[in-house]
Student: 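After the structure tokens below, expect a handful of questions from me.
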Amino acid sequence: MDRHRPLSHRRTAVRLPRSLSGWTIAVFGVLASALGLVGLVAPDALLTVMGFEPIPASRRADGDHTLMFLTASSMAAVNMGVYYMLAALADWRPFFRWTVPFRLLTCAVFTLAVVTGRAPAGFLGVGLWEGLGAVATGLALRRERARI
């Protein structure tokens with residue numbers, strides 16, 4: 001019936017994740033994209049949130065490529081966030097499962113960076129975010145599998 005209505009009168013259904021595991025992936029995707037956008041628009045704000053002290057352009061040494069690396073990682077975060085959101089909307093469970101070990105690995109690497117002094121303590125939040133998200137997704141997948 002809807003096909004006979006003019007486009008301006010058709011209702012568009014809002015698509016949402018269909019599973020708890022999908023919601024964990026969607027939330028991660030939204031946050032990753034949002035933080036990536038912050039890094040692209042206001043890199044100093046993102047550096048501050050992560051526990052790094054921003055250095056004014058006038059004090060940067062020649063050859064300091066910090067902002068270029070921040071731009072690259074921020075763009076990657078935006079893209080990754082979009083991939084996660086699309087996977088959540090498609091309820092692509094194999095993707096959800098694949099993220100768990102790799103996000104745990106990311107947690108370990110980022111935590112190790114703080115422990116060894118390669119990153120400031122504020123960066124620990126990034127590792128914890130990855131680790132807690134992986135655990136939440138893993139638990140949701142286990143719960144969903146138990147229901148089947």
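Keep in mind that what you see is a predicted model, and the values were worked out from it rather than measured.
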Student: Under 30°, 30 to 60°, or over 60°: which ring-plane class applies to F95 and Y84, parallel, tilted or perpendicular?
Tutor: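 Because their plane-to-plane angle is over 60°, the rings of F95 and Y84 count as perpendicular.
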
Student: Is any side-chain heavy atom of P17 less than 4.5 Å from a side-chain heavy atom of L89?
Tutor: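 In short, these two side chains touch, coming nearer than 4.5 Å.
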
Student: Check whether any side-chain heavy atom of L46 lies under 4.5 Å from a side-chain heavy atom of S74, and answer yes or no.
Tutor: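 Yes - at least one pair of side-chain heavy atoms lies under 4.5 Å apart.
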
Student: Drop me the distance from S21's OG to R143's CZ, to the nearest 0.5 angstrom.
Tutor: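 Atom-to-atom, S21:OG and R143:CZ are 10.5 Å apart.
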
Student: For G131, does its backbone N or O pair with a side-chain atom of R103 as donor and acceptor, under 3.5 Å?
Tutor: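 Not at all, since once roles are kept as given, no pair shorter than 3.5 Å links the two residues.
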
Student: Please tell me if the side chains of V78 and L40 come closer than 4.5 Å, counting only heavy atoms from C-beta onward.
Tutor: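 In short, these two side chains touch, coming nearer than 4.5 Å.
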
Student: What distance do R15 atom CZ and L86 atom CG have between them, rounded to the nearest 0.5 Å?
Tutor: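 With rounding to 0.5 Å, CZ (R15) is 9.5 Å from CG (L86).
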
Student: Does the structure place the NZ or CZ of R118 under 6.0 Å from the centre of the six-membered ring of F123, at an angle of no more than 45° from the ring's axis?
Tutor: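 No, R118 and F123 do not form such a contact.
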
Student: Is there side-chain contact between L47 and E53, with heavy atoms separated by less than 4.5 Å?
Tutor: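 No, too far: nothing below the 4.5 Å cut-off.
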
Student: Any non-hydrogen side-chain atom of L105 less than 4.5 Å from a side-chain atom of E130?
Tutor: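 In short, these two side chains do not touch, never coming nearer than 4.5 Å.
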
Student: In Å and rounded to the nearest 0.5 Å, what is the CG to CG distance from D44 to L70?
Tutor: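 The CG atom of D44 sits 8.5 Å away from the CG atom of L70.
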
Student: For a 4.5 angstrom cut-off between non-hydrogen side-chain atoms, does W92 reach P94?
Tutor: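 Touching, per the 4.5 Å side-chain cut-off.
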
Student: Hey, could you give me the CG/CG distance between L141 and L20, rounded to the nearest 0.5 Å?
Tutor: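 L141 atom CG to L20 atom CG measures 8.5 Å (nearest 0.5 Å).
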
Student: Drop me the distance from I55's CD1 to T66's OG1, to the nearest 0.5 angstrom.
Tutor: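 Taking CD1 in I55 and OG1 in T66, the distance rounds to 6.5 Å.
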
Student: Is any side-chain heavy atom of T48 closer than 4.5 Å to a side-chain heavy atom of P54?
Tutor: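 Touching, per the 4.5 Å side-chain cut-off.
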
Student: What's the spacing between H65 NE2 and R60 CZ if we round to 0.5 Å?
Tutor: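 One gets 11.0 Å once the value is rounded to the nearest 0.5 Å.
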
Student: For F110 together with W129, are the ring centres under 6.0 Å from each other?
Tutor: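 They do not qualify: ring centres at least 6.0 Å apart.
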
